[in-house]
Amino acid sequence: MRLKNVPGSREAIAESRFVIQNPQEHAGKWNEVFGRTAPLHIEIGMGKGRFLMEMAALHPDINYIGIEKYSSVLIRAIQKMEENELANVRFIRMDAEELTEVFGAGEADRIYLNFSDPWPKDRHAKRRLPSRQFLARYAQILKPEGTIEFKTDNRPLFDFALEELEPAGWEAEAVTFDLHADEGLMQGNVMTEYEARFSAAGNPICKYIIHRRDGH
Ligand code: SAM
């Protein structure tokens, strides 16, 4: 998804009122940024923001934050927001490795991971967003009963993600290897950009919903 060299994207992001600059300053106080107290849902690696913005339009009672590492991708989400502004959405340009500096303990209610980069080499396993190293970060910023929802068409990545749950202290409350054939889990499903592309190509979509074992 990395689009190289979108001219001026860094400057546009620095000036955008939809992007929170110096997000560490808001750790533990994200309700203030939104000007109201509401559940906080975070999408990590949101790409161009299709899923996040559709979810935000459908659920105006939730505060949404979209995190994206690359300016060249984030700029596309900002352009969409300029056309159709949503009061309950903010963006942060950052690497998810810094999550615990940006959110307070137990501040978030839900995290979405959609079509995360697979990092197929073994030595890069800890960079995968559903890895045990990332699950430990999510555990810090989520409420004890908070949930993570992960979708991907990459079966090896999904199998890896399932294997990480037990050692990391999480358990699944829902798992499917073919989301679009699962009537229950499809209720309220909002397609991501990658989901639309890969399901149109005939790839089954895997999904889990997980919570901490000690949170319930
Ligand atoms: N979620 C979107 C979708 O489903 O259409 C985009 C999927 S794309 C394959 C993965 C996105 O995650 C890319 O835009 C990438 O830059 C971003 N990303 C990957 N690792 C990240 C990290 N550590 N922190 C923040 N964003 C990350």
Side-chain angles (χ1 to χ4, degrees), residues 1-6 9-10 12-13 18-21 23-24 41-58 64-81 89-103 108 110-121 123-142 148-158 160-161 164 176 179-180 185-186 188-201 203-209:
M1 161 86 69
R2 188 170 181 183
L3 313 173
K4 290 210 176 84
N5 301 329
V6 176
S9 58
R10 280 204 167 246
I13 286 166
F18 306 123
V19 180
I20 305 303
Q21 321 290 337
Q24 302 85 340
H41 293 189
I42 303 169
E43 187 187 7
I44 301 177
M46 63 155 187
K48 299 177 196 165
R50 166 177 167 166
F51 170 84
L52 186 82
M53 286 186 254
E54 211 175 314
M55 288 293 284
L58 285 170
Y64 286 92
I65 294 184
I67 289 176
E68 172 52 50
K69 190 152 101 173
Y70 291 113
S71 307
S72 52
V73 184
L74 177 55
I75 191 71
R76 303 299 181 203
I78 293 170
Q79 287 162 349
K80 264 188 235 165
M81 271 279 271
V89 175
R90 298 291 186 283
F91 303 128
I92 307 174
R93 194 191 63 75
M94 64 177 267
D95 191 312
E97 289 196 8
E98 292 152 28
L99 272 183
T100 54
E101 291 158 41
V102 167
F103 297 97
R110 188 176 299 169
I111 291 175
Y112 291 103
L113 308 174
N114 290 317
F115 295 80
S116 308
D117 294 339
W119 293 104
K121 291 188 179 134
R123 71 172 191 278
H124 291 148
K126 64 178 187 300
R127 296 187 192 172
R128 298 174 193 153
L129 292 181
S131 67
R132 65 191 70 187
Q133 289 83 359
F134 272 101
L135 289 174
R137 296 181 180 109
Y138 307 147
Q140 283 190 53
I141 69 165
L142 275 173
I148 301 175
E149 299 198 9
F150 172 47
K151 292 195 277 192
T152 182
D153 71 321
N154 186 312
R155 185 61 193 268
L157 178 66
F158 192 64
F160 165 83
E164 292 293 87
T176 177
L179 172 63
H180 291 196
L185 283 177
M186 274 304 274
N189 185 57
V190 166
M191 295 242 263
T192 82
E193 192 184 344
Y194 272 57
E195 182 175 354
R197 193 186 302 168
F198 291 129
S199 59
N203 298 9
I205 307 299
C206 303
K207 175 173 180 173
Y208 74 36
I209 304 173

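FYI, the numbering just counts along the sequence from 1. In this text the structure is predicted, and so the values were computed from the model without any measurement. Values below: every heavy atom of this structure, side chains too, minus hydrogens, waters and symmetry copies. Every number for a ligand or one of its atoms is a count from 1 in the order of the listing.
Side-chain contact check for Ile42 versus Ile141: some heavy-atom pair is nearer than 4.5 Å.
If you check each of Tyr112, Phe51, Phe115, Tyr70 against atom 9 (C) of ligand 1, the one with the closest non-hydrogen atom is Phe115. Considering only non-hydrogen atoms, atom 20 (N) of ligand 1 lies nearest to Asp117 out of Asp153, Thr152, Leu74, Asp117. For atom 14 (O) of ligand 1, the choice among Glu97, Met46, Glu68, Glu193 with the nearest heavy atom turns out to be Glu68.
The aromatic rings of Tyr194 and Phe115 sit tilted, their planes meeting at an angle between 30° and 60°.
With a heavy-atom cut-off of 4.0 Å, Met94 touches ligand 1 through its backbone alone.
Every atom of ligand 1 is numbered from 1 in the order shown, and the set under 4.0 Å from a heavy atom of Asp95 is 22 (C), 23 (N), 24 (N).
Using a 4.0 angstrom heavy-atom cutoff, Ile44 does not count as in contact with ligand 1.
The backbone N or O of Thr192 lies less than 3.5 Å from no partner atom in the side chain of Glu54, so there is not a single donor-acceptor pair.
On a distance-only criterion, Tyr194 and ligand 1 share at least one N/O pair closer than 3.5 Å.
Residue Arg128 holds its CZ atom at 10.0 Å from CD of Gln133, rounded to the nearest 0.5 Å.
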Might you work through the side chain to side chain contact (heavy atoms under 4.5 Å, CB included) test for Asp117 and Arg127, ending with a clear yes or no? CA-CA 9 Å; Asp117 294 339; Arg127 296 187 192 172; over 6 Å; no
